[in-house]
Amino acid sequence: MNFRRTGLLIGALLCSVGAFADMPKEHLIPGGLALFELGQSKQPPVVRYNNQQVLVYAHGGANGQAPEWTAAIGIPLDAKPGQSSATYGNQKLTFTIGSHKYAEQRLQVQNKHVNPDPKAMERINTEAARMGKIFKSFNKPEAQTWPQMIWPAEGPLSSPFGLRRFFNGEERNPHTGLDIAAKRGSRIVAPADGVIRDTGDFYFNGNTVMIDHGQGMITMFCHLDRIDVKPGQVVHQGDMVGIVGATGRATGPHLHWTLSMNNARVDPRLVLPPHPSEKK
């Protein structure tokens, strides 16, 4: 069976039909998305990539017919350029990851956030395992249509996704989220329906909220001044989850927003409508 990537089709629709601006957009680079049309099926197809089940979403299926399904595969930021593939039963979904050079960012922060002491490292490792367990989880939502997203905060974009970051001159992990330079105390809302999986004060992230949107799609919000939700709470798109702050490793008030799909951190802009600053 032949499977067709949907990037060119969706790209054409994005140029001509505004209603499709909030559908996922294919970008075959580290930190991007690969999209595959899987055909019709009454049951949700099971697709795996890097030992993780990936998100599939249904569309069509009117008049009692089986819906069409699309797989949205997150490509890790550390993925090497070249051919890669996911599995669908006995079939392979093959795609080529292109090379991409992300910009650099150099920041001055407190030394404890660059070279933590052993006690802090123990805390950091514990928190990393805690977050990792959520990023690797796969919970099926009630609806398996695409979870169309809205921007979680108002403000100009500052640090983009994928930046190579240097703190006090020392290179550290790339920027796995998108920064919105919202004002301190401004609202942060759920970008789509989901369940709050964790909240807390983390060493680097500061006050943090993690939302599970189903099928391995997790969003994480960092540096909050205040958290307004609790683990296990169901939230709907637009519900307030907290307010913007500068807790943790932050040089000023802003919202750091991470999007994870099949345990791969991907660029949130691939699942969003255009930012207000981009609208003509």
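- One N or O on the side chain of Thr247 and one on the backbone of Leu224 form a donor-acceptor pair closer than 3.5 Å.
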Contacts table for residues 234-241: side-chain donor-acceptor under 3.5 angstrom, sequence neighbours left out:
{"unit_1": "Gln237", "atom_1": "NE2", "unit_2": "Gln148", "atom_2": "O", "d": "2.8"}
{"unit_1": "Gln237", "atom_1": "NE2", "unit_2": "Pro191", "atom_2": "O", "d": "2.9"}
{"unit_1": "Asp239", "atom_1": "OD2", "unit_2": "His236", "atom_2": "N", "d": "2.8"}

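- Between the side chain of Gln40 and the main chain of Ala66, a donor-acceptor pair closer than 3.5 Å is present.
- Between Leu35 atom CG and Leu55 atom CG the span is 10.5 Å, to the nearest 0.5 Å.
- With Glu68 contributing its side chain and Gly60 its backbone, the two residues share no donor-acceptor pair below 3.5 Å.
- Considering all non-hydrogen atoms of both residues, Thr199 and Pro231 come closest at OG1-CD, 3.7 Å.
- Using a distance-only test at 3.5 Å, with no hydrogens or angles considered, a donor-acceptor pair links the side chain of Trp69 to the main chain of Ser41.
- Although no hydrogens or angles enter the test, the distance criterion places no donor-acceptor pair under 3.5 Å between the side chain of His223 and the main chain of Gly248.
- Separating the OG1 atom in Thr126 from the CE atom in Met121 is a distance of 10.0 Å, to the nearest 0.5 Å.
- Put simply, the side chain of Gln53 never gets that close to the backbone of Gln215: no donor and acceptor are under 3.5 Å apart.
- In this structure, CD1 in Ile218 is found 9.5 Å from CD1 in Ile211, a value given to the nearest 0.5 Å.
- Ring centroids of Tyr49 and Phe36 are separated by 6.0 Å or more, keeping the two rings apart.
- The backbone N or O of Lys230 lies less than 3.5 Å from a partner atom in the side chain of Gln233, making a donor-acceptor pair.
- Met131 and Phe221 fall into different hydrophobic clusters, defined by Ile, Leu, Val, Met, Phe, Trp and Tyr side-chain heavy atoms under 4.5 Å apart, directly or through other members.
- Met210 and Ile188 end up in different hydrophobic clusters when Ile, Leu, Val, Met, Phe, Trp and Tyr side chains are linked at under 4.5 Å.
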Go through the steps to decide whether Asn263 and Arg265 satisfy the test side chain to side chain donor-acceptor pair (under 3.5 Å), and finish with yes or no. CA-CA 7 Å; Asn263 194 32; Arg265 270 36 112 208; 3.0 Å; yes
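- Heavy-atom minimum distance, Leu259 versus Asp267: CD2-O, 4.3 Å.
- With a 6.0 Å radius and a threshold of 12 heavy atoms from other residues, nucleotides or ligands, Glu122 has its CD atom at or below the threshold.
- For the pair Trp257 and Pro152, the tightest heavy-atom approach, listed with the atom from each and the gap, is CZ3-CD, 3.4 Å.
- Two different hydrophobic clusters hold Met220 and Leu255 under the rule that ILVMFWY side chains link at heavy-atom gaps under 4.5 Å.
- In terms of modelled atom types and a separation under 3.5 Å, the side chain of Asn50 and the main chain of Gln52 share no donor-acceptor contact.
- The hydrophobic cluster containing Phe161 does not contain Phe135, counting ILVMFWY residues as joined when their side-chain heavy atoms lie under 4.5 angstrom apart, directly or transitively.
- Contact between Ala250 and Ala246 at its shortest, heavy atoms only, is CB-O, 3.7 Å.
- Linking ILVMFWY side-chain heavy atoms closer than 4.5 Å, directly or via other members, places Leu33 and Leu77 in two distinct hydrophobic clusters.
- Taking all atoms of both residues into account, the shortest heavy-atom contact from Pro30 to Gly98 is CD-O, 3.2 Å.
- With His254 contributing its side chain and Leu157 its backbone, the two residues share no donor-acceptor pair below 3.5 Å.
- Ring centroid separation for the pair Trp146 and His59 does not come in under the 6.0 Å cut-off.
- With Thr208 contributing its side chain and Gly206 its backbone, the two residues share a donor-acceptor pair below 3.5 Å.
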